[in-house]
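In the text below, chain A, chain B and the rest are named by the order of the sequence lines, each starting its count at 1.
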There are 2 protein chains.
Amino acid sequence: MQRKSKTRERILLAAKKLFSIKGFDGVSMEEIANEAGVKKALIYYYFPSKEDLFFEVWQRSIDEMEHAVLKPIQNEGPFMAKLKKLLRSYIDFVRSRRETLQLIERERINIESRQSTLWEKLGERYSEFVERIAQLVKEGKLAAELASDLDETVTAQFIVGSLSSVDKNQLEEVANLILKSLTKKE
Amino acid sequence: MQRKSKTRERILLAAKKLFSIKGFDGVSMEEIANEAGVKKALIYYYFPSKEDLFFEVWQRSIDEMEHAVLKPIQNEGPFMAKLKKLLRSYIDFVRSRRETLQLIERERINIESRQSTLWEKLGERYSEFVERIAQLVKEGKLAAELASDLDETVTAQFIVGSLSSVDKNQLEEVANLILKSLTKKE
DNA sequence: GGTAAAATTTACCGAACGGTCAGTAAAATA
DNA sequence: TATTTTACTGACCGTTCGGTAAATTTTACC
């Protein structure tokens with residue numbers, strides 16, 4: 001029972017690593033098995049298919065990101081403090097969990113362009129995350145700290161998108177740009 | 001001679017379409033052939049390999065983007081006019097050339113994580129594009145229209161990244177956010 | 001220590017992959 | 001008209017793919 005979950009975990013870790021580097025279609029089950037130090041058939045003992053394996057990797061990655069980014073701001077008080085904390089924790093996440101971020105960034109587009117119902121669920125899971133940030137933006141508008149004509153979802157996409165696409169060494173600069181763009185002119 | 005280039009073009013167009021939807025590893029040569037209305041073997045008459053086919057699709061796509069985004073600002077005068085024109089032309093590009101943008105966004109990460117010399121060239125071609133926008137930022141700093149402590153490359157990545165990652169219907173809002181974040185406080 | 005269940009490996013399958021090649025039809029050249 | 005070049009096809013090759021079934025080893029429990 002203990003051994004079982006340990007092997008399963010090793011497979012998930014190996015899969016996540018390789019998926020993040022080469023993408024879903026670029027990785028074979030044999031590669032994943034080798035990375036995990038296991039024979040290919042054993043993967044099928046724990047996971048019904050390559051897709052199912054990827055699904056679990058994806059869900060876990062989004063959970064991980066959501067936890068790292070959203071959890072720290074939950075008990076924060078005033079809106080501006082929350083926003084700054086969000087940027088801070090997002091920067092920390094990008095810096096410390098490169099593999100997770102790369103997996104998400106890489107497969108996000110891929111997921112959107114597959115039409116199967118199962119894959120769509122994965123896309124929705126990601127949208128949920130963005131929408132939670134959009135909720136924060138809404139909060140800021142209600143508190144009159146952000147301009148009332150801001151579209152919440154677009155603003156959330158803007159925050160995530162800009163922080164995900166720049167060099168990891170200068171994320172603070174981007175966070176400042178975001179802050180400056182969002183705060184009301186006085 | 002005329003027929004030859006027409007077929008070649010059809011193959012390139014079909015490949016671009018499929019690569020942009022499914023990615024390099026997600027598309028087979030047979031699919032591309034079907035999309036182009038051609039037998040698979042004929043593709044190898046025009047292109048030595050799948051990689052070579054992709055290389056040409058990629059180079060053309062970057063050229064297309066560079067032309068659409070950078071050409072309009074070449075003969076523009078003052079810096080702020082140039083910057084606004086850049087945002088305008090980038091928005092138009094995102095709206096009208098979705099396939100091209102999706103190909104670039106999708107394969108950019110993929111290209112970076114392949115270590116072969118040939119693939120690295122493709123990555124450099126993209127970096128060139130970003131660096132050209134960075135040059136514009138530098139211009140703005142010299143003209144004292146932008147804060148002097150802005151990192152040019154990061155700012156360029158910020159502009160491209162944020163405009164590439166939001167819903168196409170509200171790009172103007174993002175352009176305004178970018179403008180607000182970059183212009184000096186008065 | 002025997003034994004049943006769980007965990008892992010070996011051996012294999014049909015399909016699909018990227019790529020090749022001999023040959024043919026159609027055009028261009030002479 | 002004869003000949004060379006260009007455009008294109010179908011059949012096929014070796015390999016790798018995702019996935020399965022059966023045999024073997026390891027573990028847990030009495």
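Every pair passing salt bridge (charged side-chain N to carboxylate O under 4.0 Å, His left out) that includes a residue from residues 29-41 of chain A is listed here, sequence neighbours excluded: K17(A)-E35(A), K22(A)-E31(A). Residue pairs satisfying the side-chain hydrogen bond (donor to acceptor under 3.5 Å, both in side chains) criterion with at least one member in residues 129-139 of chain A, sequence neighbours excluded, are listed as follows: E66(A)-R132(A), K82(A)-E139(A), E128(A)-R132(A), E131(A)-T153(A). Contacts classified as salt bridge (charged side-chain N to carboxylate O under 4.0 Å, His left out) and involving residues 146-164 of chain A (residues at least two apart or in different chains) are given here: K141(A)-E152(A). The list of ring-ring contact (aromatic ring centres under 6.0 Å, His included) pairs with a residue in residues 129-169 of chain B, not counting sequence neighbours, reads F158(A)-F158(B).
For S113(B), the side-chain hydrogen bond (donor to acceptor under 3.5 Å, both in side chains) partners are R106(A), not counting sequence neighbours. Scored by the ring pair (Phe, Tyr, Trp, His ring centres under 6.0 Å) test, F24(B) finds F19(B), F54(B), W119(B) as partners (sequence neighbours excluded). In this view, R95(A) and E172(A) satisfy the side-chain hydrogen bond (donor to acceptor under 3.5 Å, both in side chains) rule, not counting sequence neighbours. Residues meeting the salt bridge (charged side-chain N to carboxylate O under 4.0 Å, His left out) test with D25(B), sequence neighbours left out: R114(B). Judged as a side-chain hydrogen bond (donor to acceptor under 3.5 Å, both in side chains), and not counting sequence neighbours, N176(A) has no contacts.
Distance R8(A) CZ to dT8(C) C1': 16 Å, rounded to the nearest Å. Spacing between atom OH of Y45(A) and atom P of dT9(C) amounts to 12 Å, rounded to whole angstrom units. The distance between atom CG of L53(B) and atom P of dG19(C), rounded to the nearest whole Å, is 10 Å. One can place CD1 of I32(A) at 12 Å from C1' of dC17(D), the figure rounded to the nearest angstrom. One atom, CG of L42(A), and another, P of dT26(D), lie 14 Å apart when rounded to the nearest Å. Taking atom NZ on K39(B) and atom C1' on dC12(D), their separation rounds to 15 Å, with Å as the unit. Distance CD (E30(A)) to P (dC17(C)): 18 Å, rounded to an integer number of Å. In this structure, CZ of R10(A) is placed 12 Å from C1' of dT8(C), rounded to the nearest angstrom.
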Test side-chain contact (heavy atoms from CB on, under 4.5 Å) on T100(B) and R60(B); report intermediate values, then the result. CA-CA 9 Å; T100(B) 309; R60(B) 278 176 175 231; over 6 Å; no
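Near DNA chain D, defined here as any heavy-atom distance below 4.0 Å, there are no residues from residues 107-118 of chain A. Annotation: proximity of residues 13-28 of chain B to DNA chain C (heavy atom, distance under 4.0 Å) is found for V27(B), S28(B), numbered in ascending order.
Atom CZ of R10(A) has more than 12 heavy atoms from other residues, nucleotides or ligands within 6.0 Å.
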Between the protein and nucleotides 19-22 of chain D, list the N/O to N/O atom pairs that are separated by less than 3.5 angstrom.
from    : atom 1 : to     : atom 2 : distance (Å)
dG19(D) : OP2    : Y44(A) : OH     : 2.9
dG19(D) : OP2    : K50(A) : N      : 2.9
dG19(D) : N7     : K40(A) : NZ     : 3.1
dG19(D) : O6     : K40(A) : NZ     : 2.6

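OP1 and OP2 of dA7(D) both lie 4.0 Å or more from every side-chain N or O belonging to T7(B).
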